[in-house]
There are 2 protein chains.
Amino acid sequence: MDIKEIEKFLKFNQIKPSHHRLKIYEYLVKNKNHPTVDLIYKELVDEIPTLSKTTVYNTLNLFVEKGAVQLITIDESENRYDADMSIHGHFKCKHCGKVYDFPVKFSAMDMGGLQNFQVEENHIYLKGLCNECQIKKEV
Amino acid sequence: MDIKEIEKFLKFNQIKPSHHRLKIYEYLVKNKNHPTVDLIYKELVDEIPTLSKTTVYNTLNLFVEKGAVQLITIDESENRYDADMSIHGHFKCKHCGKVYDFPVKFSAMDMGGLQNFQVEENHIYLKGLCNECQIKKEV
DNA sequence: TAAATATATTGTAGTGATTACAAATCGAAA
DNA sequence: TTTCGATTTGTAATCACTACAATATATTTA
Ligand SMILES: [Mn+2]
Ligand SMILES: [Mn+2]
Ligand SMILES: [Zn+2]
Ligand SMILES: [Zn+2]
């Protein structure tokens, strides 16, 4: 996804593509880490020295509101963001803190008990030890 | 689950069953709402006038640490707690805010992509409109 | 182009949930 | 009853996030 496509995508989602907005969305697309506001700010402030953390908050809230980005509440104290809007699961390693994506067969989640509930968002969060961290511990 | 059973349960999980701890755990078991710290405090402070909010925080952190209670991060700004440790899903209504339980066929979540990851916690959160709130809107 | 208007960004102060910590209280032994 | 460790409390601090007014930037109008 190059900058022209990002611009199109934002416009399509009723978001005026300002320079900061382009850069923040680009960051999310290029780094499929599931960053916090603080991380996004720290990573971009060198390239955009005038960037304010408030702008990062404002921009991400706008993206979520417009449905361009999803809010991930896998952490208990900090919100994370993901440009991948497809239904997929997240695994957070309790040791290294990394958040991994994994595919989800969604048909399986049939919500047996809840008839006539209208689902708008799906969040599937697992926590434990990632492959790499297990190997390190075994040594 | 009566008070004697609760005492046993806490002891089994290496938690000394003080009066406050018993009451807080009892609250979680009897009210299967998925309360925030603030709600638990407000509901119990009449019965236990000396109760401090810090104690509610301390106690819930202890419960989670000992594996007696699970932390639910379905909200983006407040933590919730659940005495039901079985694997089940949570649905939060965006309109009334209520958090419902629903059964989950866990076999379906096979984590295709992530080989050799050790899963310790499962969180399945859905958000949307609950049955009752849909009916109200249709009127 | 220049003035007028709208929109985006910034900085600072405020809020609200959570934690740190030391003092007070409680409770089980000795 | 005294002692000693654990629990509880109250207060201050922290940290993520928001409110808001001032400034800067972009867009429209004349
Ligand atoms: Mn993802
Ligand atoms: Mn539940
Ligand atoms: Zn890891
Ligand atoms: Zn509802």
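Quick caveat, the model's predicted, so the values are computed rather than measured.
Without hydrogens or angle criteria, A:T36 side chain to A:R80 main chain gives no donor-acceptor distance under 3.5 Å.
Rounded to an integer number of Å, the gap from A:H19 NE2 to D:dT25 P is 13 Å. The CG atom of A:L39 sits 12 Å away from the P atom of D:dA16 (whole-angstrom rounding). Rounded to an integer number of Å, the gap from A:L71 CG to D:dA16 P is 15 Å. Distance CD1 (A:I24) to P (C:dA8): 13 Å, rounded to an integer number of Å. B:L62 has its CG atom 9 Å from the P atom of D:dT8, to the nearest Å. Per the geometry, OH belonging to A:Y41 stands 14 Å off P belonging to C:dT9, to the nearest Å. Atom CG of B:L22 and atom P of D:dT7 are 12 Å apart (whole Å). One interatomic measurement links the two molecules: CG of A:N58 to P of D:dC17, which rounds to 13 Å at whole-angstrom precision.
Here D:dC17 is the nucleotide among D:dT7, D:dC17, C:dT10 with the atom lying nearest to any side-chain atom of A:N79. When distances run from any side-chain atom of B:K16 to the nucleotides D:dA6, C:dA17, C:dT10, the shortest one goes to D:dA6. Candidate nucleotides C:dA8, C:dT18, C:dG11 were compared by shortest atom distance to the side chain of A:R21, and C:dA8 ranks first. Minimum atom distance to the side chain of B:T55 is reached by D:dT8, of the listed C:dT9, C:dT10, D:dT8. Closest approach to the A:V37 side chain among C:dT10, D:dC17, D:dT9 is made by D:dC17 (side chain taken as heavy atoms from C-beta onward).
In this structure, A:T50 reaches the sugar-phosphate backbone alone: every heavy-atom distance under 4.0 Å involves primed, P, OP1 or OP2 atoms, never a base. Within 4.0 Å (heavy atoms only), B:S18 reaches sugar-phosphate atoms of the nucleic acid but no base atom. The residue B:T36 sits apart from the nucleic acid: no heavy atom pair falls under 4.0 Å.
Taking 4.0 angstrom as the limit, A:Y57 places none of its side-chain polar atoms (N or O) nearer than this to OP1 or OP2 of D:dT18. Contact check, B:N61 against C:dT19: a side-chain N or O comes under 4.0 Å of OP1 or OP2. Taking only side-chain nitrogens and oxygens, B:H20 never comes nearer than 4.0 Å to OP1 or OP2 of C:dC26.
In summary, B:K53 and B:D38 engage in a salt bridge, as defined by a charged side-chain N under 4.0 Å from a carboxylate O.
You'll find the side chain of A:L51 reaches within 4.5 Å of the side chain of A:H20, heavy atoms only.
When ring centroids are compared, A:Y81 and A:F63 stay outside the 6.0 Å threshold.
Side-chain contact, A:Y27 with A:N33: a donor N or O sits under 3.5 Å from an acceptor N or O.
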